[in-house]
Number of protein chains: 2
Amino acid sequence: MTSDKSDDARSINQRVTIREVAAKAEVALSSVSRALSGHPDVSDEMRKRVKEVADELGYEPNLVAQSLRSGVTRTIGFVVRDINNPMFALLARSCEHELRRNGYSMILVNSDGNIENENRNFSLLRRRRVDGLIASLVSEDSPYLRKNLAGPTEEAARLDREVKWVNASAVLADHAAGVHEAVTHLINKGHREIAFVTGSNNVYPTRNRLQGFTKAFEDANIKIQPDLMAIGGFDAEYALSHARILLHRNPAPTAILAGGHGALMGISRALKEKNLTMGKEIAFIALDQLPYLEVFSDNISTVYRDTEAIGREAARLMLEGIEGEAPRVSIIETQFIGRTSSQGGL
Amino acid sequence: MTSDKSDDARSINQRVTIREVAAKAEVALSSVSRALSGHPDVSDEMRKRVKEVADELGYEPNLVAQSLRSGVTRTIGFVVRDINNPMFALLARSCEHELRRNGYSMILVNSDGNIENENRNFSLLRRRRVDGLIASLVSEDSPYLRKNLAGPTEEAARLDREVKWVNASAVLADHAAGVHEAVTHLINKGHREIAFVTGSNNVYPTRNRLQGFTKAFEDANIKIQPDLMAIGGFDAEYALSHARILLHRNPAPTAILAGGHGALMGISRALKEKNLTMGKEIAFIALDQLPYLEVFSDNISTVYRDTEAIGREAARLMLEGIEGEAPRVSIIETQFIGRTSSQGGL
DNA sequence: ATCTTAACTGGAAACGTTTGCTATAGGGAA
DNA sequence: TTCCCTATAGCAAACGTTTCCAGTTAAGAT
């Protein structure tokens, strides 16, 4: 409870600066800077002396001043579409880890699915002079995008988004492949009434999944039934209301696909309402391996992608870009993992 | 002296500074600064003119320079014990939201349960001159704590940790109350062999839960059985191996408590191995309302606390502290929520 | 012995803001 | 008229670094 006076005056007052180190070591400011930053033009003697004094005084360089002078903040902004999706937590985590391993910090901001928020977030991060932006955009046709992605001063990397006119790095998952696999699996088992609930198609993952979905039908020479597709909302409410409608259809769907976290939540609630069990009365596949599924719902068939790899890869692309390398696009593969929830339904 | 060439280069590559705004508006630097920062000593005419020019040039203030000059970064560091625990994701999210609402950014760093990492994280954030630190410490007796929490220059707030000798704000959950309620519930139903798997007691939540646990036995005048308590590890592996041992005990436990995310994972795996179903052969209670439980495992009895409120409250304490108010401790209540998993077992 | 060079070291000017101080103009009071 | 405010505006000095440039010294080359 009692604050200690045991430390010297320094800890009560301001922080130690390079100037004080220089004074105590009786050398020039510039020498301290060079000694501490590993500059070659410093004698061993000098480096040793300065380091000793710096340690003794508990000197900790001011990154703010360093940034101002050097023009580099060693900070990356991470703009996330909607952090309610636990997928993003995982992504952010692995990305932060990789960045910090390379001496960068990450500032994470959440757009809450709102374009205006997203724009404000970009602006904030730009004012903070981050060295780079990693973004999972709310929409690929926001009116602010041009301003926010075409900035000349910082690197940009997109997470699972296509923006044709901007030449920045991106990590894209090959959703289509996994979805194709999953749907083909269902078709082969005899399913014809396959429902699909997903977010809006103003972002790449939705469009890409739809491609996989329709291609599977085409390849099987089966006509797709548009009224079994609910495309438009990422939230559980959208999914719940549309799943209800789909389940009342005649003929009822024998299988149902959830295009992400919100869809998964909404659909599972709708199924519970009608007392339908996944893998029994209806086949179910989650088109994303949400992290919480590992814990309890290990019966759920999913389209898997290595989310941590995506975060790590995004960080790598970012660092490469900062190093001056040309932007590139990295594709992460996906894979259907059949478990019991995709059985039954027929 | 810089040449025309470099001036050109600057206007293409570099960002607009206050100096360029001043030049174009034909006023002094200081006037631009005052006009844009809302300083009172500025005529309406001046403010209007400056704002117009600033907008026209797309001026965005350099927060790095502002920070250096003003000594304030409007950034809070959030040091999290182990981000693998989904609890922390939720916490961080609500905290970030509240901070940003008040004009602050958050830098989140993960200690991975390691004291050395934690120390490095503190050091990094201090070098970044954050205005405050919010920390869920790895341990309450780390040797680095004195250095890291007693800093004179930034505010500190603790998340669910007791450190008696430091006078900083804290948010503490009243785990004991909820656990007491839960255990009393079990005792009243006739349980006597109640097992408890939890993390190590070098942090407050473990100790506090233990208090509630033992008090419930005392109040019921029943002797506690120490060999039913596994205290020591936060990870699922620890919980798994100790749950196995506990389940082989004779007499076998009729109920089992999980003291957090890792314990929950480990125990549920151990139960599955022995083909025991929660709520049937054995009663089960999670001493934390992990966020993923809402999605699928809505049958699990828990001790609930409002995690988002904790994050929000931490942010508030931080902001209060920055405003100059005295540190204070905020208690969040907990509550036993009985569902089907805590039935059976007898 | 003198010149060159190499290996440092120190001084001072940036980086982009904020802010204390001083200067000016115009208006009201004396 | 003279004097003193008040309301603005501008100048210049910080903030804590890095880095360019110019010295200094000692050693090697001639």
Side-chain angles (χ1 to χ4, degrees), chain A residues 10 13-50 53-54 57-74 126-131 153, chain B residues 1-3 6-7 9-11 13-51 53-54 57-74 126-131 153:
Chain A
R10 185 181 346 102
N13 294 326
Q14 288 301 20
R15 291 177 132 123
V16 177
T17 73
I18 215 174
R19 158 167 269 114
E20 294 165 57
V21 178
K24 178 136 187 188
E26 297 181 301
V27 297
L29 258 66
S30 44
S31 298
V32 177
S33 173
R34 277 187 294 247
L36 263 25
S37 67
H39 193 100
D41 293 356
V42 176
S43 66
D44 293 347
E45 155 70 8
M46 168 73 85
R47 203 178 300 274
K48 181 160 161 289
R49 171 128 121 271
V50 168
V53 175
L57 293 178
Y59 169 71
E60 292 189 309
N62 184 333
L63 248 53
V64 175
Q66 289 184 330
S67 295
L68 178 60
R69 172 61 226 223
S70 65
V72 159
T73 54
R74 294 191 85 79
R126 238 179 295 123
R127 291 202 301 275
R128 288 197 172 264
R129 299 300 191 257
V130 295
D131 297 336
T153 322
Chain B
M1 196 187 79
T2 47
S3 66
S6 78
D7 275 352
R10 130 122 59 93
S11 70
N13 296 325
Q14 294 292 49
R15 297 176 126 121
V16 176
T17 74
I18 213 174
R19 157 166 271 117
E20 294 164 58
V21 177
K24 179 137 188 187
E26 298 181 302
V27 298
L29 258 66
S30 46
S31 298
V32 177
S33 172
R34 277 187 289 251
L36 294 174
S37 66
H39 192 99
D41 292 358
V42 175
S43 66
D44 293 347
E45 154 70 8
M46 169 72 86
R47 203 180 301 275
K48 182 161 158 290
R49 171 130 120 272
V50 168
K51 280 198 169 145
V53 174
L57 294 178
Y59 169 70
E60 292 188 309
N62 183 332
L63 249 51
V64 175
Q66 289 185 331
S67 294
L68 178 60
R69 171 62 226 218
S70 65
V72 160
T73 54
R74 294 191 85 79
R126 240 179 295 123
R127 290 202 300 274
R128 287 198 172 267
R129 300 298 191 258
V130 296
D131 296 336
T153 322

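Below, read A as the first sequence line, B as the second, and so on, with proteins coming before strands; counting in each chain starts at 1.
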Within this structure, what is the CD1-to-P distance between I18(B) and dA14(D), rounded to whole angstrom? 19 Å

To the nearest angstrom, how far is R19(A) atom CZ from dG11(C) atom C1'? 12 Å

Could you tell me whether the side chain of V50(A) reaches within less than 4.5 Å of the side chain of M46(A), counting heavy atoms only? yes

Atom CG of L29(A) and atom P of dA14(C): how far apart are they, to the nearest Å? 17 Å

Do N62(A) and R129(B) have side-chain heavy atoms sitting under 4.5 Å apart? yes

Has S70(A) got a side-chain N or O lying under 4.0 Å from the OP1 or OP2 atom of dT18(D)? no

Expressed in angstrom and rounded to an integer, what is the separation of D44(A) atom CG from dA7(C) atom P? 13 Å

Do you know the tightest heavy-atom contact between R128(A) and T73(A)? O-CG2, 3.8 Å

For the side chain of S30(A), starting at C-beta, report the closest nucleotide among dT9(C), dG16(D), dA12(C). dA12(C)

Whole-Å gap separating P (dG16(C)) and CG (L36(B)): 16 Å

Rounded to whole Å, please give me the gap between CZ in R69(B) and P in dA12(D). 16 Å

How do A65(B) and D41(B) order along DNA chain D: which one's closest nucleotide is nearer the 5' end? D41(B)

Side chain of R34(A): nearest nucleotide among dC20(D), dT18(C), dT17(D)? dC20(D)

Atom CG of L63(B) and atom C1' of dG16(C): how far apart are they, to the nearest Å? 12 Å

Under 4.0 Å between a side-chain N or O of S33(B) and OP1 or OP2 of dT18(C)? yes

Counting only side-chain N and O atoms of S31(B), is one of them less than 4.0 Å from OP1 or OP2 of dG10(D)? yes

Of H39(A) and L68(A), the one whose closest DNA chain D nucleotide lies more 5': L68(A)

Is the closest side-chain heavy-atom distance between Y59(A) and L36(A) below 4.5 Å? yes

When E45(B) is tested against each of K48(B), R49(B), R47(B) for salt bridge (Lys or Arg N to Asp or Glu O under 4.0 Å), which residue passes? R49(B)

Any side-chain N or O of T17(A) below 4.0 angstrom from OP1/OP2 of dC15(D)? no

Rounded to the Å, how far apart are E20(A) CD and dG16(D) P? 9 Å

Given that E26(A) and P61(B) both sit by DNA chain C, which one's nearest nucleotide is further toward the 5' end? E26(A)

Considering only side-chain heavy atoms of V27(A), which listed nucleotide, dT17(D), dG20(C), dG10(C), is closest? dG10(C)

Using the side-chain heavy atoms of Q66(B), tell me which of these nucleotides is nearest: dC21(D), dT18(D), dT17(C). dT17(C)

